[in-house]
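To keep things clear, I will list the structure first and then write my remarks on it.
Hydrogens, waters and symmetry mates play no part in the numbers below; they use all other heavy atoms, side chains included.
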Amino acid sequence: MKGWKCLLFILICLSQVGCAALLTEQVYVLIDRPVADKATFNGEIYSLPERADIRKIVLLGSGKIRNIEVHVRDKRNQWEPAKKVPGGIEFPFEIPLIAETDAVKIIKHSMTGAGRIETIQFYTIADKGD
């Protein structure tokens, strides 16, 4: 019986430590590299010179847009869906994202609204030593 109490105590402590780690505020850092953009038939591609650990993107533009999808390019150069934003958005607009990629494609499904995305910013998490 004493062993079960010890095990239960250890599990409670580990869950508290795990929850504390999840609830700590993350500090995002702008990835300071040039962002190239390219219009394609089915979306706008924003790319970095090399792959990076992306944790959020910020869309910069003017007006309002609605009904967009965010896709990320994987290691095989295939586009994988990452996020859908069905409602209307105003700029600047943050989208949390977890991906290791060098490019993001924004697909606008609806042409309602007079807004346009001018560029995006890529962010990663700051190292503990920074």
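The two residues Pro34 and Pro49 come nearest to each other via the heavy atoms O-CD, 3.4 Å. Across Phe91 and Gly63, no two heavy atoms sit closer than the pair CD1-O, 3.3 Å. Counting all heavy atoms, side chain and backbone alike, Asp53 lies closest to Thr124 at O-OG1, 2.7 Å.
Not counting sequence neighbours, the partners of Arg33 by the side-chain hydrogen bond (donor to acceptor under 3.5 Å, both in side chains) test are Glu50. Among residues two or more places apart in sequence or in another chain, the side-chain hydrogen bond (donor to acceptor under 3.5 Å, both in side chains) test is passed with Asp37 by none. Taking the side-chain hydrogen bond (donor to acceptor under 3.5 Å, both in side chains) definition, one finds that Asp32 meets it with nothing, sequence neighbours left out. Not counting sequence neighbours, the partners of Val35 by the side chain to side chain contact (heavy atoms under 4.5 Å, CB included) test are Tyr46, Leu48, Thr119, Phe122. Evaluation of the salt bridge (Lys or Arg N to Asp or Glu O under 4.0 Å) rule for Glu80 yields Arg76 as partners, not counting sequence neighbours.
Applying side chain to side chain contact (heavy atoms under 4.5 Å, CB included) to Ile54 and the options Asp102, Leu97, Val72 leaves one that passes, Leu97.
Taken together through direct or relayed side-chain contacts under 4.5 Å among Ile, Leu, Val, Met, Phe, Trp and Tyr, Ile89 and Ile107 form parts of separate hydrophobic clusters. In terms of hydrophobic clustering, with Ile, Leu, Val, Met, Phe, Trp and Tyr side chains grouped at heavy-atom distances under 4.5 Å, Trp79 and Ile120 are assigned to different clusters. Ile95 and Ile65 fall within a single hydrophobic cluster, where Ile, Leu, Val, Met, Phe, Trp and Tyr are joined by side-chain heavy atoms under 4.5 Å apart, directly or via other members.
Residue Glu69 holds its CD atom at 13.0 Å from NZ of Lys83, rounded to the nearest 0.5 Å. Here the CD1-OG1 distance, from Ile45 to Thr40, works out to 4.5 Å after rounding to the nearest 0.5 Å. Taken to the nearest 0.5 Å, the CG atom of Leu59 stands 11.5 Å off from the CD atom of Glu118. Atoms NE2 and OG1, on His71 and Thr101 in that order, are 12.5 Å from each other to the nearest 0.5 Å. Between atom CZ of residue Arg51 and atom CZ of residue Arg73 there is a gap of 8.0 Å, rounded to the nearest 0.5 Å.
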task = I would like to know whether Lys108 and Asn67 meet side-chain contact (heavy atoms from CB on, under 4.5 Å); could you show each step before the answer?
result = CA-CA 6 Å; Lys108 293 193 279 185; Asn67 199 13; over 6 Å; no

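Through chains of ILVMFWY side-chain contacts below 4.5 Å, Tyr123 is grouped with Tyr28, Leu30, Val58, Leu60, Ile125.
Residue pairs meeting the salt bridge (Lys or Arg N to Asp or Glu O under 4.0 Å) criterion with at least one member in residues 84-99, sequence neighbours excluded, are Lys56-Glu94, Lys64-Glu90.
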